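Structure first, commentary second.
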Amino acid sequence: MIRLISRRIEIGTGDGGISNLGFDKRGIVTSCRAVLLPRFGGPEVLEFRDNVAVPDLKPNQVLVRARAVSINPLDTRMRSGYGRSIFEPLLPLILGRDISGEVAAVGNSVKSLTVGQEVFGALHPTAVRGTYTDYAILAEDELAPKPGSLSHAEASAIPFAALTAWRALKSTARIREGHRVLVIGGGGAVGFSAIQLAVAAGCHVSTTCGGESISRILAAGAEQAVDYTIEDAEAALKGHFDAVLDTIGVPDTERMGISLLKKGGHYMTLQGEAASVTDRHGLAIGLPMAAAILLKKQIQYRYSHGIEYWWNYMRADAEGLHEIRRLSEAGKLQVPVDKTFPISQVREAHEAKDRRQIPGKVVLEMD
């Protein structure tokens, strides 16, 4: 059972309105436009299709009329085959994790959101039906009211990156006022979100980044920003840290991050090996193998350095998303958008990201 889809249904007018929507006799959307990934490969494999089915809502789910969705590194990696062992049997997929839009319908157990309300949020990394579509489906706890001070494009750039940072810093490391936090790779969306979350928590924040990001990072409240392209970051960073979030996750940054931790500190990398190991060996062998690799590293670093070692991933967190919304509304958390594309130009947008033509966030808008 679902509640009324919306106060207003938009039918295509030929001049930029939404077309090729399917409705059942109750006026509920049953099909819409979406970008499908039928096979792995380059940007050319993405297919912009009409009349893609919209599944029925479960009781805890929300149908969101998308206005803007952002491109995350996970999207381009999945398109290229990352997570193949999980996703290949489920093709075709719809990519996309972030979304900003309006509530079009709600399941019968949804209490906190209402039809017509502007919302933003993000899907779990393993979601199969993503947000590159006119109508996306998310669980109630994956959404929050959109910050009123932000456009849909600005809001769509925030949730997945900020929730990834939130899980590492707040759920895993449990940072608090006075802690010293190091973000390795502070210029990207997750790193910049982590800096802002740590500053808001009253932490002393240092980071490594490219020179083009230093002024923005210092303006956000970081106390030290080291340009890794011209300095020896390990030598330049001052003191030791309670938590290190490594958004780069290569052997050199792992070694540096662990060496700069205090006893009892937390090292968290976004480049855990679970997906790559399962892609190489299959789910049956790969998952237990990845768990064994992680456990071995945790034991090794606990005894050799007295620190905690973690692979971190984004997870839905209703409390975290509402705090992210509050900080965004107050101007204390943002993810700058470098460029927007209409959803129909999704191939061009992915190609630009693949070629590193656009270093910052790219957002797809529903034309």
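Just so it is clear, the structure is predicted and the values come from calculations on it, not from any experiment.
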Nearest heavy-atom contact between Ala144 and His322 is CB-CE1, 3.9 Å
Hey, does the side chain of Thr207 reach the backbone of Gly186 with a donor-acceptor pair shorter than 3.5 angstrom? yes
Count the heavy atoms belonging to other residues, nucleotides or ligands that lie under 6.0 Å from OH of Tyr228, then report whether that count exceeds 12. no
Joint hydrophobic cluster, Val69 plus Val103, side-chain heavy atoms closer than 4.5 Å: yes
Is it the case that more than 12 heavy atoms not belonging to Ile285 sit under 6.0 Å from its CD1 atom? no
Can you check salt bridge (Lys or Arg N to Asp or Glu O under 4.0 Å) on Lys111 and Glu140, steps first, answer last? CA-CA 8 Å; Lys111 305 299 182 186; Glu140 181 179 14; over 6 Å; no
Can we say Lys297 and Glu254 salt-bridge, meaning some charged N sits less than 4.0 Å from an Asp/Glu carboxylate O? yes
Counting only N and O atoms by type, is there a donor-acceptor contact under 3.5 Å from the side chain of Arg347 to the main-chain atoms of Leu46? yes
For the residue pair Glu234 / Ser259, report whether a side-chain donor-acceptor contact shorter than 3.5 Å exists. yes
Could you tell me whether the side chain of Ile324 reaches within less than 4.5 Å of the side chain of Leu163, counting heavy atoms only? yes
Can Arg65 be said to sit on top of Tyr135's aromatic six-ring, NZ or CZ under 6.0 Å from centre and within 45° of the ring axis? yes
What I want to find out is whether Asp354 reaches Arg79 closely enough, with some N-O distance under 4.0 Å, to be called a salt bridge. yes
Does Ile184 reach the side chain of Thr247, with side-chain heavy atoms less than 4.5 Å apart? no
Joint hydrophobic cluster, Leu95 plus Val128, side-chain heavy atoms closer than 4.5 Å: yes
Taking side chain as C-beta onward, heavy atoms only, is Val363 less than 4.5 Å from Asp338? no
So does Arg67 pair up with Glu365, basic N to acidic O under 4.0 Å? no
Pairwise side-chain contact, Leu74 with Tyr82, heavy-atom cut-off 4.5 Å (strictly under): yes
Is there a donor-acceptor contact under 3.5 Å from the side chain of Thr208 to the main chain of Gly185? yes
Looking only at heavy atoms, what is the nearest atom pair of Ala349 and Phe341, with distance? CB-CD1, 3.6 Å
Please round to the nearest 0.5 Å and tell me the distance separating atom CG of Leu321 and atom CG of Asp141. 9.0 Å
List for me each residue that meets salt bridge (Lys or Arg N to Asp or Glu O under 4.0 Å) alongside Arg216, sequence neighbours excluded, and say none if there are none. none
So how far is it from Asp246 CG to Met268 CE, rounded to the nearest 0.5 Å? 9.5 Å
With rounding to the nearest 0.5 angstrom, report the CD to CG distance, Gln300 to Leu295. 11.5 Å
side-chain hydrogen bond (donor to acceptor under 3.5 Å, both in side chains) pairs touching residues 34-48, sequence neighbours excluded, are Glu47-Arg49
Between Lys361 and Glu154, does any side-chain N to carboxylate O distance fall below 4.0 Å? no
Measuring only between side-chain heavy atoms, which start at C-beta, is Val181 closer than 4.5 Å to Ser206? no
If we ignore hydrogens and angles and just use 3.5 Å, is the side chain of Glu118 paired with the main-chain N or O of Glu102 as donor and acceptor? no
Hey, does the side chain of Thr131 reach the backbone of Asp98 with a donor-acceptor pair shorter than 3.5 angstrom? yes
Does some side-chain heavy atom of Asn312 sit less than 4.5 Å from a side-chain heavy atom of Thr269? no
Under 3.5 Å, is there a donor-acceptor pair between the side chain of Asp279 and the main chain of Ser85? yes
Atom CD of Gln298 and atom CD1 of Ile307: how far apart are they, to the nearest 0.5 Å? 9.5 Å
With rounding to the nearest 0.5 Å, note down the distance linking CE in Met78 to CZ in Phe40. 7.0 Å
Would Ile358 end up clustered with Tyr132 when hydrophobic side chains under 4.5 Å apart are linked, directly or stepwise? yes
So do Val64 and Ile137 actually touch side chain to side chain, heavy atoms under 4.5 Å? no
State whether the side chain of Ser70 and the backbone N or O of Ser156 hold a donor-acceptor pair below 3.5 Å, judged by distance alone. yes
Roughly how far apart are Leu57 CG and Asn108 CG, rounded to 0.5 Å? 10.0 Å
All salt bridge (Lys or Arg N to Asp or Glu O under 4.0 Å) counterparts of Asp242, not counting sequence neighbours: Lys262
Tell me if a side-chain donor or acceptor on Glu308 pairs with a main-chain N or O of Gly265 at a distance below 3.5 Å. no
Please determine whether a side-chain nitrogen of the Lys or Arg among Glu323 and Lys170 lies less than 4.0 Å from a carboxylate oxygen of the Asp or Glu. no
Can any side-chain N or O of Arg167 pair as donor or acceptor with the backbone N or O of Tyr313 at less than 3.5 Å? yes
Quick one: do Val226 and Ile195 end up in the same hydrophobic cluster if we chain Ile, Leu, Val, Met, Phe, Trp and Tyr together by side-chain heavy atoms under 4.5 Å apart? no
Which atom pair, heavy atoms only, marks the closest approach of Val335 to Ala189? CG1-CB, 3.9 Å
Mark yes or no for whether Arg180, through its side chain, and Val205, through its backbone, hold a donor-acceptor pair below 3.5 Å. no
Quick one: do Glu329 and Arg326 make a salt bridge, cutoff under 4.0 Å? no
Decide whether Leu283 and Met289 are clustered together by the hydrophobic rule: side chain heavy atoms of Ile, Leu, Val, Met, Phe, Trp, Tyr closer than 4.5 Å, transitively. no
Might you work through the side-chain contact (heavy atoms from CB on, under 4.5 Å) test for Ile217 and Ile214, ending with a clear yes or no? CA-CA 5 Å; Ile217 284 170; Ile214 286 179; 5.8 Å; no
Please tell me if the side chains of Leu36 and Ile94 come closer than 4.5 Å, counting only heavy atoms from C-beta onward. yes
Within 6.0 angstrom of Glu319 CD, more than 12 heavy atoms from elsewhere: no
Is atom CZ of Arg174 surrounded by more than 12 heavy atoms (other residues, nucleotides or ligands) closer than 6.0 Å? no
Out of the candidates Trp311, Trp310, Tyr267, Trp166, only one should pair with Thr172 under the side-chain contact (heavy atoms from CB on, under 4.5 Å) rule; please name it. Trp310
I'd like to know whether CZ of Arg176 has more than 12 heavy-atom contacts from other residues, nucleotides or ligands below 6.0 angstrom. no
